[in-house]
Amino acid sequence: MKPARTRFAPSPTGFMHVGGVRTALFAWLVARQTGGQFILRIEDTDQAREVEGSAAHIQKSLRWLGIEWDEGPDKGGPYAPYMQSKRLDIYKEWAQKLVEQGRAYADPYSPEELQALRDKAKAEKRPFLFRDHRPEHPPAWDGTQPLRFKSEAREYDWHDEVMGDLHTGPEVVDDFILMKSDGFPTYNFCHIIDDHLMSITHVIRSQEFIASVPKFLNLYDALGIEWPIFATLPYVMAPDGKKKLGKRDGAKDILEYAKEGYLPETMLNFLATLGWNDGTEQEIFSVSELIEKFRLDRVQRGGACFDEQRLLWMNGTHIRALTLDELYARCKDFWPASAGDYDDAYKKNVLGLVQERLKFFAELPMLTNFFFEDLPVNMELIDGNKQLKKFEHSALKELLEQSRTAIEQSNFSVDDLSTKLNNLLEQTGQKPGVLFSLIRIATTQAPASPALAESMAVLGRECVLRRIDACLQKL
RNA sequence: GGCCCCUUCGUCUAGUGGUCCAGGACGUCAGGUUCUCAUCCUGAAGAUCGCGGGUUCGACUCCCGCAGGGGUCACCA
């Protein structure tokens with residue numbers, strides 16, 4: 001496969017959510033898979049909508065995900081600059097070329113006049129086409145009027161890597177604005193110039209642009225630019241499945257997932273398999289597998305719902321696949337405050353016990369706090385336990401005292417604790433459901449915890465006995 | 001409204017004429033793994049393949065129509 005040059009070209013109007021990330025991901029995968037380049041280009045041509053700091057935020061998001069770009073505003077490259085607001089002269093030059101060729105003209109209408117024409121067409125129930133209202137003698141373009149493309153009404157056939165073979169009639173090709181009256185180009189114009197100048201081979205973008213492609217094709221032809229390969233991605237849908245996932249439907253800033261302790265490889269795996277599969281039954285893909293196996297022509301044409309449940313499961317799966325050392329390094333910012341004084345070895349032991357229970361790192365404090373601090377004795381845990389509530393407190397106290405004696409004699413290795421615990425079962429004649437529940441609650445004071453012997457081994461003799469004593473006092 | 005796209009279990013999907021009275025995964029439910037939670041394992045429920053016509057010996061798969069959903073028709077991208 002020839003090296004592809006793909007790009008992600010966001011406009012800096014806010015944070016990145018999963019839809020944008022998926023578009024970037026697919027473009028990046030194509031570039032990496034073919035040994036080509038992935039370019040980041042900031043499309044900041046709408047001054048009114050621009051949000052301060054959002055270009056930096058987008059870059060931060062991509063970096064967290066590991067979607068690295070080869071050329072971009074911060075690192076430059078052979079086709080710099082990579083920010084459209086810094087390329088205004090280039091667009092002006094190309095616009096001038098079109099004017100000279102008679103393929104662009106100054107738009108003399110005021111917004112009100114234009115609106116009146118549109119309203120009239122609508123009232124008469126016929127489609128509005130600007131090219132039906134071209135001025136006979138347009139004024140010379142001086143840069144203060146919008147500049148329009150003089151389109152050529154014709155039908156188009158083209159291929160889209162995702163959507164297949166597409167066709168439209170001449171009615172969708174119309175004169176559109178190339179340069180706005182503020183001197184900035186429109187997306188419709190400058191993305192074509194930039195993609196050409198930057199030698200972009202694949203234009204990978206989301207669905208909202210598909211209806212405009214014939215217009216773009218007409219412009220490519222007028223400019224004498226060869227068509228790139230098109231790939232149109234369907235939307236990521238809101239959970240209701242009806243409309244595309246937007247901020248109102250809970251589309252979160254992708255960095256929120258970082259804060260909650262989702263792994264970037266989870267996000268990549270999840271987003272890639274949301275609307276794409278390799279034809280096998282594989283669900284979990286590493287990033288390198290994704291790079292190897294991804295194919296644009298296996299991307300679904302219909303939108304796919306964003307399913308948080310599946311994301312949660314997938315993150316747990318990726319967490320479990322990590323070695324303990326990797327996991328430890330990744331979740332270092334998520335420990336409960338009470339863990340502060342404990343050393344790495346202890347925390348690693350704790351982590352080993354909760355690894356298979358962790359779905360996302362923000363759960364770490366809830367899952368591990370009792371390893372770092374003595375929780376207050378909570379009689380509810382005993383009185384509400386379906387095995388223990390049948391017993392009188394005095395009977396439980398006796399049982400726990402007996403247990404303490406046995407546990408005290410252990411060397412606190414997991415094996416020895418298990419042996420002692422098993423002996424205790426015989427001595428007392430109790431079922432594990434009773435005896436182990438009692439000891440587990442006494443030593444953790446947590447509604448849920450890892451296996452008993454393992455937990456006690458990590459907590460250590462002093463701590464276990466102290467907690468049992470505290471519990472005995474309340475019984 | 002014109003044009004374009006889409007339509008298989010609740011969700012993500014496999015499936016390119018017979019191997020599909022439709023397979024996998026998430027989720028749900030049940031059982032098992034000496035206590036809880038989780039993991040893991042096993043099992044169950046869950047899709048008349050949007051609807052209606054064709055073509056064919058045979059259609060989820062091909063053709064036509066319809067319906068529903070989505071997108072687009074900006075000096076936004």
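In what follows, every heavy atom counts, from backbone to side chain, and hydrogens, waters and symmetry copies are set aside. Just so it is clear: chains get the letters A, B, ... in the order the sequence lines come, proteins before strands, and each one is counted from 1. All values reported here derive from a predicted model rather than from experimental measurement.
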Watson-Crick or G-U wobble partner of G2(B), both distances under 3.5 Å = U72(B)
For A77(B), the nucleotide meeting Watson-Crick or G-U wobble distances (both under 3.5 Å) is none
With a 6.0 Å cut-off on ring centres, are His196(A) and Tyr220(A) close enough?
-> no
When you look at CD of Gln387(A), are more than 12 heavy atoms from neighbouring residues, nucleotides or ligands closer to it than 6.0 Å?
-> yes
Which base, if any, makes a Watson-Crick or G-U wobble pair with A67(B), both distances under 3.5 Å?
-> U7(B)
How many Å lie between CZ on Arg41(A) and P on A77(B), as a whole number?
-> 13 Å
Residues passing the ring-ring contact (aromatic ring centres under 6.0 Å, His included) test with Phe412(A), sequence neighbours excluded, are none
Of the candidates U72(B), C75(B), C76(B), the side chain of Ala211(A) sits closest to U72(B)
Mind listing the residues from residues 349-376 of chain A sitting with a heavy atom below 4.0 Å of RNA chain B? Number order is fine.
-> Glu356(A), Arg357(A), Lys359(A)
Separation of atom CZ in Arg49(A) from atom C1' in C75(B), rounded to whole Å = 13 Å
Protein proximity profile, nucleotides 28-35 of chain B - base contact B, sugar-phosphate-only contact S, no contact -, cut-off 4.0 Å on heavy atoms = ------BB
Among G71(B), C75(B), C37(B), the nucleotide that comes nearest once only the side chain of Ala448(A) is considered = C37(B)
What does Arg148(A) touch in the nucleic acid at a heavy-atom separation under 4.0 angstrom: a base, only the sugar-phosphate, or nothing?
-> sugar-phosphate
In a check of ring pair (Phe, Tyr, Trp, His ring centres under 6.0 Å) between Phe130(A) and each of Phe149(A), Tyr109(A), Phe176(A), which one passes?
-> Tyr109(A)
Verify the neighbour count for atom CD of Glu52(A): are there more than 12 heavy atoms of other residues, nucleotides or ligands below 6.0 Å?
-> no
For RNA chain B, find the residues of residues 231-238 of chain A with a heavy-atom distance under 4.0 Å and give them by number; none if there aren't any.
-> Tyr235(A)
Select base, sugar-phosphate, or nothing to describe what Arg320(A) touches, counting heavy atoms under 4.0 Å on all strands.
-> sugar-phosphate
Hey, does Pro127(A) reach any base, or is it just sugar-phosphate, or nothing, if we go heavy atoms under 4.0 Å?
-> nothing
Mind checking the C1' distance from G27(B) to C20(B)? Whole angstroms is fine.
-> 24 Å
Pair listing, side-chain hydrogen bond (donor to acceptor under 3.5 Å, both in side chains) test, anchored in residues 140-152 of chain A, at least two apart | Asp107(A)-Arg148(A), Asp142(A)-Thr144(A), Ser151(A)-Asp175(A)
Just by protein heavy atoms under 4.0 Å, how would nucleotides 5-13 of chain B read 5' to 3' in B, S and -?
-> SS----SSS
Quick check: does any side chain N or O of Gln355(A) sit under 3.5 Å from a backbone N or O of Ile319(A), one acting as donor and the other as acceptor?
-> yes
Give a yes/no on whether any side-chain N or O of Lys122(A) is located under 4.0 angstrom from OP1 or OP2 of G2(B).
-> no
Which side-chain N or O atoms in residues 362-373 of chain A pair as donor and acceptor under 3.5 Å with protein atoms at least two apart or in another chain?
unit_1, atom_1, unit_2, atom_2, d
Glu363(A), OE1, Lys359(A), N, 2.8
Thr368(A), OG1, Leu364(A), O, 2.8
Glu373(A), OE2, Ser338(A), OG, 3.1

Who does C21(B) pair with, Watson-Crick or G-U, both distances under 3.5 Å?
-> none
P gap between C62(B) and C26(B), integer Å | 30 Å
Whole-Å distance between U72(B) P and Phe130(A) CZ?
-> 22 Å
Quick note, salt bridge (Lys or Arg N to Asp or Glu O under 4.0 Å) partners involving residues 430-455 of chain A, not counting sequence neighbours, are none
For C49(B) versus C4(B), give the span between their C1' atoms, rounded off to a whole number of Å.
-> 25 Å
May I ask which nucleotide in the shown strands pairs with A30(B), Watson-Crick or G-U wobble, both distances under 3.5 Å?
-> U42(B)
Roughly how many Å is it from CG in Asp195(A) to C1' in A77(B), rounded to a whole number?
-> 13 Å
Just checking, Lys252(A) and Phe306(A): is the charged tip under 6.0 Å from the six-membered ring centre and within 45° of the axis?
-> no
Separation of U72(B) atom C1' from Lys244(A) atom NZ, nearest Å, is 12 Å
Taking only N and O in the side chain of Thr186(A), is any of them less than 4.0 Å away from OP1 or OP2 of A74(B)?
-> no
What residues, two or more places apart in sequence or in another chain, satisfy side-chain contact (heavy atoms from CB on, under 4.5 Å) together with Ala251(A)?
-> His17(A), Leu245(A)
Rounded to whole angstroms, how far apart are CZ on Phe216(A) and P on U72(B)?
-> 12 Å
Hunt down the Watson-Crick or G-U wobble partner of U48(B), both distances under 3.5 Å, from any strand shown, or write none.
-> none
Aromatic plane relationship, Phe128(A) with His133(A) - under 30° parallel, 30 to 60° tilted, over 60° perpendicular | parallel
Round to the nearest Å and state the distance from Glu171(A) atom CD to U72(B) atom C1'.
-> 13 Å
So, does the side chain of Thr168(A) form a donor-acceptor pair with the base of C3(B) at under 3.5 Å?
-> no
Scan every strand shown for a Watson-Crick or G-U wobble partner of U16(B), both distances under 3.5 Å, and answer none if you come up empty.
-> none
So how far is it from Trp94(A) CH2 to Ile193(A) CD1, rounded to the nearest 0.5 Å?
-> 5.0 Å
The salt bridge (Lys or Arg N to Asp or Glu O under 4.0 Å) partners of Glu401(A) (sequence neighbours excluded) come to none
Evaluate whether atom NZ of Lys86(A) has more than 12 neighbouring non-hydrogen atoms of other residues, nucleotides or ligands under 6.0 angstrom away.
-> no
Please name all residues satisfying ring-ring contact (aromatic ring centres under 6.0 Å, His included) with Phe216(A), sequence neighbours left out, ordered by chain then number.
-> His191(A)
Across the strands shown, which category fits Ser449(A) at heavy-atom distances under 4.0 angstrom: base, sugar-phosphate, nothing?
-> base
Residues which pass side-chain contact (heavy atoms from CB on, under 4.5 Å) with Arg298(A), listed by chain and number, not counting sequence neighbours = Trp276(A), Asn277(A), Arg295(A)
Between P of C75(B) and CZ of Phe176(A), the distance in whole Å | 12 Å
Say you pick atom P in C12(B) and the same atom in G50(B); how far apart are they, in whole Å?
-> 14 Å
Taking atom C1' in both U8(B) and U48(B), what distance in whole Å separates the two?
-> 12 Å
